[in-house]
Amino acid sequence: MILFLFLSRLGVGIAVTLAFVSRSAGVKFFRFNAGLAAILLAIGLALRHDGAQGIALGISTAAVIVYWATVGRALARIRPAIVGVGVAAGLIALILQAIAMTAGRPAPAQALAAISFLSSAALLGGACTAMILGHWYLVIPSLEVRHLQSIVKWHIASLALRVAVVAAVAYAAAALWPAAAEGAPSFRHYITSIDGIFFWQRVLFGLAAPSLLSYLTWETAKIRSTQSATGILYVDLFTVVVGEVLAGYLLLATGVPL
């Protein structure tokens with residue numbers, strides 16, 4: 001389940017960023033990213049394909065595969081619509097996942113869970129695409145640095161949103177939500193116990209570290225040091241992945257969508 005949640009969020013997140021990168025990055029860049037997103041979504045679909053969320057994820061996977069197959073070839077005019085269908089279906093799948101994972105909670109809690117899932121996809125997709133685009137300057141040295149700066153801005157904005165959402169969810173869970181199961185400790189007790197080390201690791205590796213690294217990336221991108229920015233983005237992506245995998249574990253362990 002943790003792998004399914006992670007792969008579906010990352011795949012949808014990468015698909016979303018396809019609409020925010022300039023065509024100057026070249027056909028191979030978009031083909032690589034679309035192919036990566038399609039593989040991640042297909043693996044996620046293979047892990048769990050039941051219910052409405054499975055149908056939505058299947059539509060998203062199919063649309064991204066069609067987009068990958070037509071990059072630089074036919075259907076140029078309707079390609080934005082194809083990726084739009086893939087993104088819309090993927091976002092719907094994430095919302096349905098959030099509702100399913102928080103079944104039994106009040107509607108406001110389920111809405112907050114849906115926002116958490118969407119912000120996770122935005123953060124994962126932005127971090128991954130930024131790292132790949134930074135690497136692409138080795139493929140196309142003449143690529144303008146403003147494209148890297150633009151995707152780094154997206155990454156910083158998605159990170160700020162993710163921090164705000166996690167803080168809101170943690171506060172709501174500690175102050176308002178009952179325990180996930182009868183007899184289980186409350187979330188407030190959980191984060192102050194020895195088991196709460198996973199929560200604090202999630203905060204440290206998944207939020208604090210990327211905040212520092214994304215700032216360093218922005219500063220290096222401003223001075224057009226694309227190689228340094230790419231090196232930092234490799235570490236940044238690693239910390240984001242660790243944080244979001246831990247968030248999946250905490251969701252299953254506590255019922256809190258961090």
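All of these numbers come straight from a predicted model, not from anything done at the bench.
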Taking [Y] as the starting point, is it possible to reach [X] by hopping between hydrophobic residues whose side chains are less than 4.5 Å apart?
X	Y	answer
Phe205	Leu212	no
Val85	Leu118	no
Phe4	Ile2	yes
Ile232	Trp136	no
Leu138	Phe30	no

Give the intermediate values and the outcome of side-chain contact (heavy atoms from CB on, under 4.5 Å) for residues His155 and Trp218.
CA-CA 10 Å; His155 175 47; Trp218 172 246; over 6 Å; no

Within a strict 4.5 Å, meaning less than it, do heavy atoms of the [X] and [Y] side chains meet?
X	Y	answer
Glu244	Arg162	yes
Gln201	Val242	no
Trp154	Val16	yes
Leu36	Ile14	yes
Tyr190	Phe198	yes

Just by modelled atom types, is the [Y] backbone N or O under 3.5 Å from a matching donor or acceptor in the [X] side chain?
X	Y	value
Trp200	Ile191	yes
Ser60	Gly86	yes
Asn33	Phe29	yes
Tyr137	Leu148	yes
Thr70	Val66	yes
Ser116	Pro257	yes

Give the minimum heavy-atom separation between [X] and [Y], together with the two atoms involved.
X	Y	value
Thr192	His189	OG1-O, 3.1 Å
Val152	Ser214	CG1-O, 4.4 Å
Ala100	Gln53	CB-NE2, 4.0 Å
Leu258	Leu250	CD1-CD1, 3.9 Å
Val12	Gly90	CG2-CA, 3.7 Å
Leu204	Pro210	O-CD, 4.5 Å

Measuring from atom [atom1] of [X] to atom [atom2] of [Y], what distance do you get when rounded to the nearest 0.5 angstrom?
X	Y	atom1	atom2	result
Leu252	Met1	CG	CE	6.5 Å
Leu10	Leu41	CG	CG	8.5 Å
Met101	Leu5	CE	CG	5.5 Å
Ser24	His147	OG	NE2	4.0 Å
Phe20	Leu18	CZ	CG	10.5 Å
Cys128	Leu133	SG	CG	11.5 Å

With ring centroids as reference points, do Phe187 and Phe199 lie under 6.0 angstrom apart?
yes

CA sep, side-chain torsions, deciding dist, call: Asp236, Met131, side-chain contact (heavy atoms from CB on, under 4.5 Å):
CA-CA 9 Å; Asp236 178 87; Met131 184 273 291; over 6 Å; no

State whether the number of non-hydrogen atoms from other residues, nucleotides or ligands found under 6.0 Å of Phe238 atom CZ is greater than 12.
no

So with a 6.0 Å cut-off around CD of Glu219, is the heavy-atom count from everything else above 12?
yes

Thr129 and Thr17: side chain donor to acceptor below 3.5 Å:
yes

Does the structure place the NZ or CZ of Arg9 under 6.0 Å from the centre of the six-membered ring of Phe117, at an angle of no more than 45° from the ring's axis?
yes

Assess the residue pair Leu251 and Val256 against the criterion (side-chain contact (heavy atoms from CB on, under 4.5 Å)); give the C-alpha distance rounded to whole Å, side-chain angles, the decisive distance to 0.1 Å, and a yes or no.
CA-CA 5 Å; Leu251 174 60; Val256 179; 6.0 Å; no

When you look at Phe6 and Leu124, which way does the side-chain contact (heavy atoms from CB on, under 4.5 Å) test go after all the steps?
CA-CA 9 Å; Phe6 171 73; Leu124 282 166; 3.8 Å; yes

